[in-house]
Protein chains: 2
Amino acid sequence: MSLINRDTDYAIRALCFMAKNKKKFISAKELVRDLKIPRPFLRKILQTLNKRRVLRSYKGKSGGFVLVQPPKKIFVMDLVRIFQGGVKLRECIFKKKPCPNIRTCLLSRKLKEIEGKVISQLEVISIASLAGEIK
Amino acid sequence: MSLINRDTDYAIRALCFMAKNKKKFISAKELVRDLKIPRPFLRKILQTLNKRRVLRSYKGKSGGFVLVQPPKKIFVMDLVRIFQGGVKLRECIFKKKPCPNIRTCLLSRKLKEIEGKVISQLEVISIASLAGEIK
DNA sequence: AACAAATGATACCATATTAGTATCATTTGT
DNA sequence: ACAAATGATACTAATATGGTATCATTTGTT
Ligand code: FES
Ligand code: FES
(Lines give C-alpha, C1' and ligand atoms only; values in the text may rest on other atoms or scores of the structure.)
(Ligands and ions follow the chains in the order given, each with its own letter.)
Protein backbone atom coordinates (compact mmCIF):
# COMPACT_ATOMS: atom_id res chain seq x y z
CA MET A 1 0.00 0.00 0.00
CA SER A 2 3.05 2.18 -0.25
CA LEU A 3 2.42 5.64 -1.57
CA ILE A 4 5.42 5.46 -3.83
CA ASN A 5 6.62 2.39 -5.64
CA ARG A 6 10.12 1.32 -6.43
CA ASP A 7 10.35 3.09 -9.73
CA THR A 8 9.44 6.36 -8.11
CA ASP A 9 11.72 5.72 -5.20
CA TYR A 10 14.69 4.90 -7.39
CA ALA A 11 13.98 7.92 -9.54
CA ILE A 12 14.00 10.15 -6.48
CA ARG A 13 17.32 8.74 -5.36
CA ALA A 14 18.85 9.16 -8.77
CA LEU A 15 17.64 12.73 -9.07
CA CYS A 16 18.87 13.58 -5.58
CA PHE A 17 22.29 12.28 -6.49
CA MET A 18 22.31 14.38 -9.61
CA ALA A 19 21.15 17.42 -7.69
CA LYS A 20 24.05 17.10 -5.31
CA ASN A 21 26.62 16.33 -7.95
CA LYS A 22 27.47 19.41 -9.93
CA LYS A 23 29.26 17.58 -12.69
CA LYS A 24 27.76 18.12 -16.12
CA PHE A 25 27.05 14.61 -17.37
CA ILE A 26 26.25 11.76 -15.09
CA SER A 27 26.23 8.27 -16.52
CA ALA A 28 24.10 5.35 -15.49
CA LYS A 29 27.32 3.69 -14.39
CA GLU A 30 28.01 6.26 -11.74
CA LEU A 31 24.47 6.14 -10.46
CA VAL A 32 24.55 2.38 -10.22
CA ARG A 33 27.76 2.54 -8.24
CA ASP A 34 26.39 5.05 -5.81
CA LEU A 35 22.80 3.96 -5.44
CA LYS A 36 23.19 0.19 -5.57
CA ILE A 37 20.21 -0.20 -7.82
CA PRO A 38 20.19 -3.06 -10.35
CA ARG A 39 21.64 -1.60 -13.50
CA PRO A 40 19.05 -2.58 -16.13
CA PHE A 41 16.32 -1.38 -13.85
CA LEU A 42 17.93 1.98 -13.30
CA ARG A 43 18.48 2.43 -16.98
CA LYS A 44 14.83 1.83 -17.66
CA ILE A 45 13.95 4.51 -15.16
CA LEU A 46 16.41 6.98 -16.62
CA GLN A 47 14.97 6.33 -20.04
CA THR A 48 11.50 7.27 -18.99
CA LEU A 49 12.78 10.31 -17.13
CA ASN A 50 14.33 11.35 -20.39
CA LYS A 51 11.14 10.79 -22.34
CA ARG A 52 9.21 12.84 -19.84
CA ARG A 53 11.87 15.52 -19.98
CA VAL A 54 12.78 15.54 -16.33
CA LEU A 55 16.30 15.08 -17.54
CA ARG A 56 17.98 14.96 -20.89
CA SER A 57 20.16 12.16 -22.18
CA TYR A 58 23.22 12.35 -24.36
CA LYS A 59 24.35 9.31 -26.23
CA GLY A 60 27.81 8.33 -27.25
CA LYS A 61 31.06 8.03 -25.44
CA SER A 62 31.24 10.22 -22.35
CA GLY A 63 27.53 10.78 -22.68
CA GLY A 64 25.10 10.62 -19.80
CA PHE A 65 22.24 12.50 -18.21
CA VAL A 66 21.68 16.10 -17.21
CA LEU A 67 18.88 17.64 -15.19
CA VAL A 68 16.67 19.88 -17.27
CA GLN A 69 15.18 21.80 -14.38
CA PRO A 70 16.57 22.98 -11.07
CA PRO A 71 15.94 20.51 -8.22
CA LYS A 72 13.70 23.03 -6.51
CA LYS A 73 11.26 22.69 -9.37
CA ILE A 74 11.07 18.92 -9.49
CA PHE A 75 8.44 17.55 -7.13
CA VAL A 76 7.75 14.09 -5.84
CA MET A 77 4.24 14.33 -7.19
CA ASP A 78 5.62 14.78 -10.71
CA LEU A 79 7.45 11.50 -10.38
CA VAL A 80 4.46 9.76 -8.90
CA ARG A 81 2.48 10.84 -11.93
CA ILE A 82 5.13 9.59 -14.29
CA PHE A 83 5.76 6.22 -12.71
CA GLN A 84 2.44 5.45 -11.09
CA GLY A 85 -0.04 7.42 -13.06
CA GLY A 86 -0.93 9.53 -10.05
CA VAL A 87 -2.38 8.77 -6.67
CA LYS A 88 -5.58 6.81 -6.54
CA LEU A 89 -6.45 6.00 -3.00
CA ARG A 90 -9.96 5.05 -3.92
CA GLU A 91 -10.55 2.22 -6.31
CA CYS A 92 -14.14 1.15 -6.22
CA ILE A 93 -14.59 -2.57 -5.80
CA PHE A 94 -17.01 -2.64 -8.66
CA LYS A 95 -14.55 -2.68 -11.49
CA LYS A 96 -16.96 -1.35 -14.04
CA LYS A 97 -16.11 2.26 -14.45
CA PRO A 98 -17.78 4.54 -13.90
CA CYS A 99 -19.33 3.08 -10.79
CA PRO A 100 -23.08 3.60 -10.72
CA ASN A 101 -22.95 4.41 -7.02
CA ILE A 102 -20.25 7.01 -7.24
CA ARG A 103 -22.57 9.92 -6.61
CA THR A 104 -24.18 8.45 -3.56
CA CYS A 105 -21.22 6.59 -2.13
CA LEU A 106 -20.20 8.37 1.05
CA LEU A 107 -17.08 6.31 1.49
CA SER A 108 -15.86 7.25 -1.92
CA ARG A 109 -16.46 10.87 -1.12
CA LYS A 110 -14.46 10.77 2.10
CA LEU A 111 -11.58 8.90 0.54
CA LYS A 112 -11.50 11.39 -2.26
CA GLU A 113 -10.98 14.16 0.25
CA ILE A 114 -8.09 12.34 1.83
CA GLU A 115 -6.61 11.67 -1.57
CA GLY A 116 -6.72 15.35 -2.42
CA LYS A 117 -4.84 16.26 0.72
CA VAL A 118 -2.20 13.64 0.11
CA ILE A 119 -1.65 14.88 -3.40
CA SER A 120 -1.24 18.46 -2.31
CA GLN A 121 1.32 17.36 0.23
CA LEU A 122 3.28 15.44 -2.37
CA GLU A 123 3.16 18.43 -4.63
CA VAL A 124 5.35 20.51 -2.35
CA ILE A 125 8.11 17.99 -1.67
CA SER A 126 10.92 18.96 -4.00
CA ILE A 127 14.02 17.03 -4.93
CA ALA A 128 16.02 19.90 -3.51
CA SER A 129 14.40 19.41 -0.13
CA LEU A 130 15.28 15.73 -0.19
CA ALA A 131 18.81 16.08 -1.46
CA GLY A 132 20.12 17.98 1.55
CA GLU A 133 21.54 16.50 4.68
CA ILE A 134 19.32 16.05 7.67
CA LYS A 135 19.07 19.13 9.82
CA MET B 1 -2.44 1.62 -4.13
CA SER B 2 -5.91 1.85 -2.73
CA LEU B 3 -6.09 2.94 0.87
CA ILE B 4 -8.58 0.26 1.70
CA ASN B 5 -8.62 -3.22 0.24
CA ARG B 6 -11.54 -5.42 -0.57
CA ASP B 7 -11.78 -7.04 2.81
CA THR B 8 -12.05 -3.68 4.48
CA ASP B 9 -14.44 -2.42 1.87
CA TYR B 10 -16.74 -5.41 2.17
CA ALA B 11 -16.58 -5.17 5.94
CA ILE B 12 -17.64 -1.55 5.80
CA ARG B 13 -20.58 -2.40 3.58
CA ALA B 14 -21.66 -5.24 5.79
CA LEU B 15 -21.46 -3.12 8.91
CA CYS B 16 -23.36 -0.29 7.26
CA PHE B 17 -26.12 -2.68 6.35
CA MET B 18 -26.27 -3.92 9.90
CA ALA B 19 -26.27 -0.38 11.23
CA LYS B 20 -29.29 0.49 9.13
CA ASN B 21 -31.14 -2.73 9.82
CA LYS B 22 -32.53 -2.76 13.30
CA LYS B 23 -33.33 -6.45 13.35
CA LYS B 24 -31.58 -8.37 16.08
CA PHE B 25 -29.75 -11.13 14.21
CA ILE B 26 -28.52 -10.75 10.71
CA SER B 27 -27.34 -13.82 8.86
CA ALA B 28 -24.66 -14.08 6.24
CA LYS B 29 -27.39 -15.08 3.84
CA GLU B 30 -29.15 -11.75 4.12
CA LEU B 31 -25.93 -9.85 3.72
CA VAL B 32 -25.00 -11.79 0.63
CA ARG B 33 -28.37 -11.07 -0.89
CA ASP B 34 -28.10 -7.37 -0.24
CA LEU B 35 -24.43 -6.70 -0.85
CA LYS B 36 -23.77 -9.05 -3.74
CA ILE B 37 -20.51 -10.20 -2.23
CA PRO B 38 -19.35 -13.78 -2.91
CA ARG B 39 -20.68 -15.79 -0.04
CA PRO B 40 -17.57 -17.66 1.19
CA PHE B 41 -15.63 -14.46 1.08
CA LEU B 42 -18.15 -12.55 3.13
CA ARG B 43 -18.29 -15.33 5.67
CA LYS B 44 -14.56 -15.17 6.13
CA ILE B 45 -14.82 -11.46 6.77
CA LEU B 46 -17.63 -11.88 9.25
CA GLN B 47 -15.60 -14.49 11.05
CA THR B 48 -12.72 -12.18 11.60
CA LEU B 49 -15.03 -9.37 12.64
CA ASN B 50 -16.33 -11.76 15.25
CA LYS B 51 -12.86 -12.68 16.47
CA ARG B 52 -11.96 -9.05 16.78
CA ARG B 53 -15.20 -8.37 18.55
CA VAL B 54 -16.57 -5.81 16.21
CA LEU B 55 -19.63 -7.99 16.14
CA ARG B 56 -20.73 -11.12 17.87
CA SER B 57 -21.85 -14.30 16.18
CA TYR B 58 -24.50 -16.75 17.23
CA LYS B 59 -24.45 -20.25 15.90
CA GLY B 60 -27.30 -22.57 15.27
CA LYS B 61 -30.56 -22.27 13.48
CA SER B 62 -31.78 -18.69 13.24
CA GLY B 63 -28.38 -17.55 14.39
CA GLY B 64 -26.44 -14.72 12.85
CA PHE B 65 -24.47 -11.63 13.72
CA VAL B 66 -25.08 -8.67 15.98
CA LEU B 67 -23.14 -5.44 16.33
CA VAL B 68 -21.37 -5.19 19.64
CA GLN B 69 -20.88 -1.44 19.57
CA PRO B 70 -23.00 1.41 18.27
CA PRO B 71 -22.12 2.40 14.69
CA LYS B 72 -20.91 5.78 15.90
CA LYS B 73 -18.10 4.05 17.70
CA ILE B 74 -16.85 1.87 14.88
CA PHE B 75 -14.31 3.67 12.72
CA VAL B 76 -12.89 2.92 9.33
CA MET B 77 -9.43 2.99 10.80
CA ASP B 78 -10.36 0.11 13.14
CA LEU B 79 -11.25 -1.99 10.14
CA VAL B 80 -8.13 -0.99 8.28
CA ARG B 81 -6.12 -2.18 11.25
CA ILE B 82 -7.97 -5.46 11.36
CA PHE B 83 -7.86 -6.31 7.69
CA GLN B 84 -4.73 -4.56 6.53
CA GLY B 85 -2.61 -4.30 9.63
CA GLY B 86 -2.78 -0.52 9.55
CA VAL B 87 -1.68 2.08 7.08
CA LYS B 88 1.90 1.94 5.91
CA LEU B 89 2.46 4.47 3.23
CA ARG B 90 6.20 4.19 3.52
CA GLU B 91 7.83 0.88 2.87
CA CYS B 92 11.52 1.33 2.47
CA ILE B 93 12.91 -0.31 -0.61
CA PHE B 94 15.62 -1.93 1.40
CA LYS B 95 13.67 -4.83 2.75
CA LYS B 96 15.96 -5.41 5.66
CA LYS B 97 14.22 -3.93 8.61
CA PRO B 98 15.08 -1.76 10.29
CA CYS B 99 16.54 0.28 7.49
CA PRO B 100 19.96 1.64 8.39
CA ASN B 101 19.12 4.96 6.76
CA ILE B 102 15.87 5.51 8.53
CA ARG B 103 17.18 8.27 10.74
CA THR B 104 18.70 10.29 7.96
CA CYS B 105 16.20 9.55 5.22
CA LEU B 106 14.32 12.74 4.50
CA LEU B 107 11.86 11.06 2.19
CA SER B 108 10.90 8.60 4.85
CA ARG B 109 10.38 11.44 7.25
CA LYS B 110 8.07 13.33 4.92
CA LEU B 111 6.06 10.27 4.03
CA LYS B 112 5.67 9.46 7.68
CA GLU B 113 4.07 12.86 8.22
CA ILE B 114 1.61 12.25 5.43
CA GLU B 115 0.86 8.83 6.80
CA GLY B 116 0.05 10.29 10.20
CA LYS B 117 -2.41 12.72 8.71
CA VAL B 118 -4.12 10.04 6.69
CA ILE B 119 -4.49 7.86 9.75
CA SER B 120 -6.03 10.61 11.80
CA GLN B 121 -8.51 11.26 9.03
CA LEU B 122 -9.49 7.61 8.87
CA GLU B 123 -9.88 7.57 12.61
CA VAL B 124 -12.84 9.91 12.50
CA ILE B 125 -14.89 8.25 9.76
CA SER B 126 -17.49 6.20 11.57
CA ILE B 127 -19.77 3.53 10.21
CA ALA B 128 -22.67 5.70 11.29
CA SER B 129 -21.46 8.50 9.06
CA LEU B 130 -21.29 6.13 6.12
CA ALA B 131 -24.57 4.36 6.69
CA GLY B 132 -26.75 7.40 6.16
CA GLU B 133 -28.15 8.63 2.91
CA ILE B 134 -26.32 11.29 1.03
CA LYS B 135 -27.27 14.76 2.13
C1' DA C 1 -33.02 -38.15 18.77
C1' DA C 2 -32.68 -36.51 14.16
C1' DC C 3 -32.35 -32.79 11.14
C1' DA C 4 -31.63 -28.40 9.12
C1' DA C 5 -29.64 -24.05 9.24
C1' DA C 6 -26.55 -21.37 10.84
C1' DT C 7 -21.28 -20.19 11.96
C1' DG C 8 -15.96 -21.83 12.83
C1' DA C 9 -11.66 -23.18 11.00
C1' DT C 10 -8.53 -23.96 7.51
C1' DA C 11 -6.43 -25.16 3.31
C1' DC C 12 -6.28 -24.37 -1.37
C1' DC C 13 -6.28 -22.16 -6.13
C1' DA C 14 -6.25 -18.45 -9.67
C1' DT C 15 -5.17 -14.09 -11.19
C1' DA C 16 -2.99 -9.66 -11.27
C1' DT C 17 0.66 -6.76 -10.08
C1' DT C 18 5.22 -5.77 -9.33
C1' DA C 19 10.10 -6.38 -9.47
C1' DG C 20 13.77 -7.51 -12.04
C1' DT C 21 16.50 -9.43 -16.37
C1' DA C 22 18.12 -10.00 -21.00
C1' DT C 23 18.99 -8.65 -25.66
C1' DC C 24 19.91 -6.08 -29.48
C1' DA C 25 19.95 -1.49 -31.88
C1' DT C 26 21.64 3.30 -32.17
C1' DT C 27 24.58 7.18 -31.32
C1' DT C 28 29.03 9.55 -30.86
C1' DG C 29 33.82 10.90 -29.23
C1' DT C 30 38.49 9.33 -30.04
C1' DA D 1 36.91 1.27 -36.67
C1' DC D 2 35.94 0.86 -31.98
C1' DA D 3 34.44 1.50 -27.38
C1' DA D 4 31.31 3.46 -24.36
C1' DA D 5 27.41 5.35 -23.69
C1' DT D 6 21.91 5.38 -24.22
C1' DG D 7 17.21 3.61 -26.77
C1' DA D 8 13.74 0.21 -27.25
C1' DT D 9 11.44 -3.79 -26.09
C1' DA D 10 10.37 -8.34 -24.74
C1' DC D 11 10.65 -11.70 -21.25
C1' DT D 12 10.74 -14.07 -16.56
C1' DA D 13 10.22 -14.53 -11.56
C1' DA D 14 8.34 -13.41 -7.24
C1' DT D 15 4.75 -11.70 -4.45
C1' DA D 16 0.30 -10.12 -3.15
C1' DT D 17 -4.45 -10.30 -3.70
C1' DG D 18 -8.87 -12.03 -4.51
C1' DG D 19 -11.67 -15.82 -4.34
C1' DT D 20 -13.17 -20.98 -3.54
C1' DA D 21 -13.90 -25.41 -1.35
C1' DT D 22 -14.43 -28.51 2.45
C1' DC D 23 -15.45 -30.24 6.67
C1' DA D 24 -16.42 -29.51 11.70
C1' DT D 25 -19.32 -27.48 15.34
C1' DT D 26 -23.34 -25.45 17.38
C1' DT D 27 -28.28 -25.02 18.26
C1' DG D 28 -33.39 -24.35 17.50
C1' DT D 29 -37.26 -27.21 15.85
C1' DT D 30 -39.88 -31.18 15.14
S1 FES E 1 -19.54 1.67 -4.59
FE2 FES E 1 -18.50 2.40 -6.37
S3 FES E 1 -17.75 4.26 -5.60
FE4 FES E 1 -18.65 3.46 -3.79
S1 FES F 1 16.28 4.38 2.68
FE2 FES F 1 15.35 3.11 4.17
S3 FES F 1 14.00 4.55 5.06
FE4 FES F 1 14.82 5.78 3.44
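Chain letters run A, B, ... following the sequence lines, proteins first, then strands; residues in each count from 1.
- What separates CG of Leu46(A) from P of dT9(D) is a distance of 17 Å, to the nearest Å.
- In terms of phosphate contacts, Ser57(A) brings a side-chain nitrogen or oxygen within less than 4.0 Å of OP1 or OP2 of dG7(D).
- When all heavy atoms of Ser126(B) and Ser129(B) are compared, the pair lying nearest together is O-OG, 2.8 Å.
- Residue contacts shown for Lys51(B) are limited to sugar-phosphate atoms, with no base heavy atom under 4.0 Å away.
- dT30(C) and dA1(D) make up a base pair, with Watson-Crick or G-U wobble contacts both under 3.5 Å.
- Relative to the side chain of Arg39(A), the nucleotides dA3(D), dT7(C), dT6(D) differ in distance, and dT6(D) lies closest.
- In the hydrophobic clustering of this structure, Val66(A) does not group with Leu35(A); members are Ile, Leu, Val, Met, Phe, Trp, Tyr whose side-chain heavy atoms approach within less than 4.5 Å, directly or through other members.
- Asp7(B) places its CG atom 12 Å from the C1' atom of dA16(D), with the value rounded to the nearest Å.
- Shown here, dA14(C) forms a base pair with dT17(D); the pair counts as Watson-Crick or G-U wobble because both key distances fall under 3.5 Å.
- What separates CG of Leu49(A) from C1' of dG7(D) is a distance of 14 Å, to the nearest Å.
- Within the 4.0 Å cut-off from OP1 or OP2 of dG20(C), at least one side-chain nitrogen or oxygen of Tyr10(A) is found.
- A sub-4.0 Å separation between OP1 or OP2 of dT17(D) and a side-chain N or O of Asn5(B) is absent.
- Under 4.0 angstrom from either OP1 or OP2 of dG8(C) there lies at least one side-chain N or O belonging to Asn50(B).
- Listed pair Lys29(B) / dA6(C) meets the phosphate criterion, a side-chain N or O lying under 4.0 Å from OP1 or OP2.
- A close approach under 4.0 Å does occur between a side-chain nitrogen or oxygen of Arg6(A) and OP1 or OP2 of dG20(C).
- Considering all non-hydrogen atoms of both residues, Cys105(B) and Arg90(B) come closest at SG-NH2, 4.1 Å.
- Between Tyr58(B) and the phosphate of dG28(D), there is no side-chain N or O to OP1/OP2 separation shorter than 4.0 Å.
- Rounded to whole Å, atom P of dA5(C) lies 15 Å from atom CD of Glu30(B).
- Whole-Å rounding puts the Lys44(A) NZ to dA10(D) P distance at 13 Å.
- Protein atom CZ of Arg56(B) is 14 Å distant from nucleotide atom C1' of dT7(C), rounded to whole Å.
- Under a hydrophobic clustering in which Ile, Leu, Val, Met, Phe, Trp and Tyr are joined whenever their side-chain heavy atoms come within less than 4.5 Å, directly or via other members, Val68(B) and Met18(B) fall into different clusters.
- Positionally, the nearest nucleotide of DNA chain C for Lys59(B) lies more toward the 5' end than for the other of Phe41(A) and Lys59(B).
- Contact annotation: Ser62(B) side-chain N/O to dT27(D) OP1/OP2 distance is not under 4.0 Å.
- Atom CD in Gln47(B) sits about 16 Å away from atom P in dA24(D), given to the nearest Å.
- Across all their heavy atoms, Asn50(B) and Arg56(B) have their closest contact at OD1-CA, 3.7 Å.
- Regarding Lys88(B), its NZ atom lies at a distance of 12 Å from the P atom of dA16(D), rounded to whole Å.
- No contact: Phe25(B) has no heavy atom under 4.0 Å from any strand.
- Nucleotide dT25(D) forms a pair with dA6(C), judged by Watson-Crick or G-U wobble geometry with both contacts under 3.5 Å.
- Here the closest non-hydrogen pair linking Gln84(A) and Ile4(A) is OE1-CA, 3.2 Å.
- Mapping Lys61(A) and Arg43(A) onto DNA chain D via the closest heavy atom, the residue that lands nearer the 5' end is Lys61(A).
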